[in-house]
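The model shown is predicted, which means the values in this text are computed figures rather than measured ones.
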Amino acid sequence: MVELVLPEEKVQFPRGTTLGQVAETLAPAAVAARVNGRLVDLTYPLVEDAEVEFITDGSPEGLEILRHSTAHVMAQAVKRLFPGTRFGIGPAIENGFYYDFDLPEPFSSDDLTRIEEEMKKIIEADLPFKRQELGKEEALEIFGGDVYKKELIEDLPDESVSIYSQGEFVDLCRGPHLPSTGYIKAFKLVNVAGAYWRGDSSRPMLQRIYGVAFPTQEELADHLHMLEEAAKRDHRRLGKELDLFSIHEEGPGFPFFHPKGMVLRNLLEDFWREVHIKRGYKEIKTPIILSEQLWRQSGHWDHYKDNMYFTTIDDATYAIKPMNCPGAMLVYKERLHSYREFPLRLAEMGLVHRHELSGVLHGLMRVRCFTQDDAHIFMLPSQIKDEISGIIDLVDYVYRQVFGFEYRVELSTRPENSMGSDEVWERATTALKEALEERGMEYTINEGDGAFYGPKIDFHLRDCLGRTWQCGTIQLDFLMPERFDLVYVGEDGERHRPVMIHRVVLGSIERFIGILIEHYAGAFPLWLAPVQVRVLTVGERHVEHASALEQKMSEAGIRVETDLRSEKVGYKIREAQVHQIPYMVVVGDKEVESGTLSIRHRRQGDLGAMSLEEFIERVENETRSKQGD
RNA sequence: GCCGGCGUAGCUCAACCGGUAGAGCAACCGCCUUGUAAGCGGUAGGUUGCGGGUUCAAAUCCCGCCGCUGGCUCCA
């Protein structure tokens with residue numbers, strides 16, 4: 001007998017009993033199990049006492065298994081329909097799975113439908129997933145004909161590898177898998193995309209089919225519905241509908257801001273200045289075009305040239321800045337600094353241009369020119385941790401407390417093409433790590449993704465479809481001060497080298513606005529709304545009264561406009577609602593007589609009558625509080 | 001940059017297998033003078049992204065380019 005310790009109880013079973021047999025009575029909904037901390041299939045035989053926890057398809061691990069198994073079924077279907085196909089990898093991802101295939105002809109959308117049909121047959125046949133362990137040599141005999149699988153097997157560290165089969169299909173796989181294909185209840189293939197083998201652009205491009213999979217049809221339908229809803233809050237769509245910005249063929253990746261978009265942008269910048277002044281930043285502005293020589297000195301020429309634009313003035317080469325740091329260096333060097341000034345925080349709303357690959361441009365999220373809410377902070381080595389901690393605090397204040405965003409933190413370490421010694425990198429990376437840990441921040445490590453001059457902490461925000469975008473970043477830099485021979489006079493009267501931080505909070509104003517649009521679905525909180533109030537007339541005889549109200553509110557600092565057209569009130573309200581205008585003021589005979597206002601709120605509906613003074617106060621309070629609906 | 005998809009009126013979309021471009025909304029004009037999410041009628045609006053080719057005939061088929069887009073790679 002073996003003794004199994006389950007979360008709720010202890011049970012005994014004859015030696016050799018499989019987990020599946022145990023699950024029949026104890027956990028009928030199980031799809032896999034965790035035995036002594038390791039995920040295994042239900043076919044796993046119990047040969048010794050163990051701690052066992054069953055996994056259902058509703059749990060995160062269970063979902064991952066479900067999705068991974070669905071990827072195998074898709075691969076099987078593809079192999080049946082396209083026999084010569086070679087196979088890459090096929091993991092589970094958020095909401096679904098993908099599998100990479102190499103075949104001469106591209107998949108069409110009809111092919112996806114055919115593959116789905118074939119998958120349904122495989123699921124209906126309820127083929128069991130069978131695990132087998134074998135030596136690498138044996139595995140190479142089975143998969144050796146497939147260059148990709150061969151490479152995967154050769155790269156595996158262990159001597160034995162596991163393979164899974166369902167019906168006639170065999171795949172190299174660590175597992176675990178569902179007991180059988182019949183466990184798959186709800187899936188859909190969503191799109192095909194090119195993907196380089198192992199993410200390396202110098203290697204062949206495979207065709208990746210993406211699918212989604214859920215435990216039930218309802219959850220699948222909910223997910224697809226969620227995607228439709230998300231598309232409605234896409235900033236590219238709302239940007240057009242709300243007349244905030246546009247991007248033209250004449251300037252791919254170079255956005256234009258319209259009057260309403262500029263109101264939003266200026267309000268965001270006003271807020272940014274207010275916050276930064278309070279935290280001891282001084283604002284500077286440096287030129288967009290600077291001599292190529294400067295960029296050679298900074299190291300950008302060697303490490304960032306491919307992303308830069310150049311121009312010629314009087315036979316000399318100049319670069320259009322992709323970053324603001326060299327400009328800030330020149331400002332720092334303008335005079336001698338004392339340690340008493342430190343930390344010296346020089347902020348800059350800097351417009352930078354970067355040559356991004358045409359295929360990656362995306363609305364306001366990834367563009368070729370953008371404004372960074374940059375700052376360069378010069379300080380003593382002993383001030384590093386406090387300063388970083390202060391920036392983390394600022395980012396959290398802006399993201400979470402003001403805008404209510406959830407965000408993710410990453411620590412990026414030394415990339416391949418970088419400057420400086422290992423010691424310097426080690427010191428800088430440790431400093432960032434310690435600042436994060438002292439604050440108890442959760443973070444993931446992104447190996448090799450740092451800037452060429454130093455490691456960084458990145459703050460990521462999500463868009464409506466759940467894609468994450470890097471916004472804030474804190475980059476520690478021991479190198480640029482070296483390159484520019486920056487000095488300060490210390491307590492001892494000697495000259496020393498300062499340490500520098502590059503940091504942005506919003507990241508790019510453009511990207512941040514994109515995130516804001518999607519976060520609020522265009523319904524900006526009152527303090528950011530391009531138009532806060534629209535005054536609507538009932539009939540022509542109310543025009544004069546409405547215009548007078550507009551003027552009074554405008555004088556009170558409210559962003560107000562009027563709709564004086566000879567249209568029905570319902571029509572005007574609908575239009576104001578569609579444009580997400582927070583307050584509508586209806587002016588008719590009643591209001592002209594009584595001298596009160598009829599207020600409608602875009603979410604709460606008709607608020608009834610109040611005086612102009614009351615309404616102005618309400619708007620002012622709500623604006624000041626920065627609260628949303 | 002690479003792989004796939006897409007590009008028709010200001011917007012959203014239609015036009016069977018090639019037969020010569022149409023609807024709703026918006027705009028404009030008029031009627032209605034209107035009370036909390038779409039009143040009615042009319043007018044105008046297109047070298048079908050651009051350039052070639054095939055054909056008696058191309059929005060439709062083929063080639064090249066541009067742009068957008070889903071990914072990959074890269075980054076705020």
A.B. asks: May I ask you to decide if the ring planes of A/Y309 and A/F254 are parallel, tilted or perpendicular, using 30° and 60° as cut-offs?
C.D. replies: tilted
A.B. asks: If we take the P atom in both B/C25 and B/G18, what is their distance in whole Å?
C.D. replies: 33 Å
A.B. asks: Does A/E591 make a side-chain donor-acceptor contact with the base of B/G35, cut-off 3.5 Å?
C.D. replies: yes
A.B. asks: Which one, B/C32, B/A76, B/A37, comes nearest to the side chain of A/S566?
C.D. replies: B/C32
A.B. asks: B/G10, OP1 or OP2 - any side-chain N/O from A/K240 closer than 4.0 Å?
C.D. replies: no
A.B. asks: What's the NE2-C1' distance between A/H248 and B/C68, to the nearest Å?
C.D. replies: 14 Å
A.B. asks: Taking atom P in both B/A9 and B/G22, compute the distance separating them and give it to the nearest angstrom.
C.D. replies: 14 Å
A.B. asks: Quick one: look up who B/A14 pairs with, Watson-Crick or G-U, both distances under 3.5 Å, and put none if it's unpaired.
C.D. replies: none
A.B. asks: Where the side chain of A/R541 is concerned, which of B/U33, B/C11, B/A76 is the nearest nucleotide?
C.D. replies: B/U33
A.B. asks: What is the distance, rounded to the nearest whole Å, between atom NE2 of A/H303 and atom P of B/C75?
C.D. replies: 13 Å
A.B. asks: Reckon A/H362 has a side-chain N or O less than 4.0 Å from the OP1 or OP2 of B/G70?
C.D. replies: yes
A.B. asks: Do the side-chain N or O atoms of A/S201 get closer than 4.0 angstrom to the phosphate oxygens (OP1, OP2) of B/C2?
C.D. replies: no
A.B. asks: Using ring pair (Phe, Tyr, Trp, His ring centres under 6.0 Å) as the criterion, point out the one residue from A/H362, A/H460, A/H519 that pairs with A/W469.
C.D. replies: A/H362
A.B. asks: Which one is paired to B/G67, where only Watson-Crick or G-U wobble pairs with both distances under 3.5 angstrom count?
C.D. replies: B/C6
A.B. asks: When you measure from the side chain of A/V360, which nucleotide among B/U73, B/G35, B/A38 comes out closest?
C.D. replies: B/U73
A.B. asks: Give, for atom CD of A/E567 and atom CG of A/D563, the distance between the pair rounded to the nearest 0.5 Å.
C.D. replies: 8.0 Å
A.B. asks: Does a salt bridge link A/D243 with A/K260, judged by any charged N lying under 4.0 Å from a carboxylate O?
C.D. replies: no
A.B. asks: Which value, in whole Å, describes the distance between the C1' atoms of nucleotides B/A44 and B/C2?
C.D. replies: 45 Å
A.B. asks: Nearest to the side chain of A/R236, heavy atoms from C-beta on, is which of B/A27, B/U69, B/G35?
C.D. replies: B/U69
A.B. asks: Would you call A/R414 and A/E447 a salt bridge, using N to O less than 4.0 angstrom?
C.D. replies: no
A.B. asks: Heavy atoms from C-beta onward define the side chain here; which of B/A76, B/G1, B/U34 lies closest to that of A/L357?
C.D. replies: B/G1
A.B. asks: Does a side-chain N or O of A/R368 approach OP1 or OP2 of B/C75 to a distance below 4.0 Å, or not?
C.D. replies: no
A.B. asks: In terms of the angle between their ring planes, are A/H303 and A/F452 parallel, tilted or perpendicular, with boundaries placed at 30° and 60°?
C.D. replies: parallel
A.B. asks: Both distances under 3.5 Å, Watson-Crick or G-U wobble: report the partner of B/G19, or none.
C.D. replies: B/C56
A.B. asks: Side chain of A/T473 only, please: which of B/A26, B/U34, B/A76 is the nearest?
C.D. replies: B/A76
A.B. asks: Give none if B/A37 has no partner; otherwise give the nucleotide forming a Watson-Crick or G-U wobble pair with it, both distances under 3.5 Å.
C.D. replies: none
A.B. asks: Side-chain N or O of A/R565 versus OP1/OP2 of B/A27: is the shortest distance under 4.0 Å?
C.D. replies: yes
A.B. asks: For B/C11, does either OP1 or OP2 sit under 4.0 Å from a side-chain N or O belonging to A/R237?
C.D. replies: no
A.B. asks: Give a yes or no on whether a donor-acceptor pair under 3.5 Å exists between the nucleobase atoms of B/G1, that is its base, and the side chain of A/Y196.
C.D. replies: yes
A.B. asks: A/V578 has a side chain; which of B/A37, B/C75, B/G35 sits nearest to it?
C.D. replies: B/A37
A.B. asks: What nucleotide among B/U36, B/C75, B/G1 has an atom nearest to a side-chain atom of A/S358?
C.D. replies: B/G1
A.B. asks: State which of B/U34, B/C75, B/G1 makes the closest approach to the side chain of A/D449.
C.D. replies: B/C75
A.B. asks: Have a look at A/F87 and tell me which of A/W197, A/F82, A/F101 forms a ring pair (Phe, Tyr, Trp, His ring centres under 6.0 Å) with it.
C.D. replies: A/F101
A.B. asks: For B/U33, does the base pair up with any side-chain atom of A/E540 as donor and acceptor (N or O, under 3.5 Å, distance only)?
C.D. replies: yes
A.B. asks: May I ask you to evaluate whether A/Q470 reaches the phosphate of B/A76, defined as a side-chain N or O under 4.0 Å from OP1 or OP2?
C.D. replies: yes
A.B. asks: According to the Watson-Crick and G-U wobble definitions, with both distances under 3.5 Å, which nucleotide is paired to B/U43?
C.D. replies: B/A27
A.B. asks: Report yes or no: is the cationic atom of A/R265 (NZ for Lys, CZ for Arg) under 6.0 Å from the centre of the six-membered ring of A/F257, at an angle within 45° of the ring normal?
C.D. replies: yes
A.B. asks: Where the side chain of A/M205 is defined as all heavy atoms beyond and including C-beta, which of B/G67, B/G71, B/A76 is the nearest nucleotide?
C.D. replies: B/G71
A.B. asks: When the distance from CE of A/M323 to P of B/A76 is rounded to whole Å, what number comes out?
C.D. replies: 6 Å
A.B. asks: Think A/R600 has a side-chain N or O under 4.0 angstrom from the OP1 or OP2 of B/A37?
C.D. replies: yes
A.B. asks: Tell me the interatomic distance from A/L465, atom CG, to B/G71, atom C1', rounded to whole angstroms.
C.D. replies: 13 Å
A.B. asks: Is the ring centre of A/Y210 under 5.5 Å from the base ring centre of B/G71, and are the two planes under 30° apart, so that they stack?
C.D. replies: no
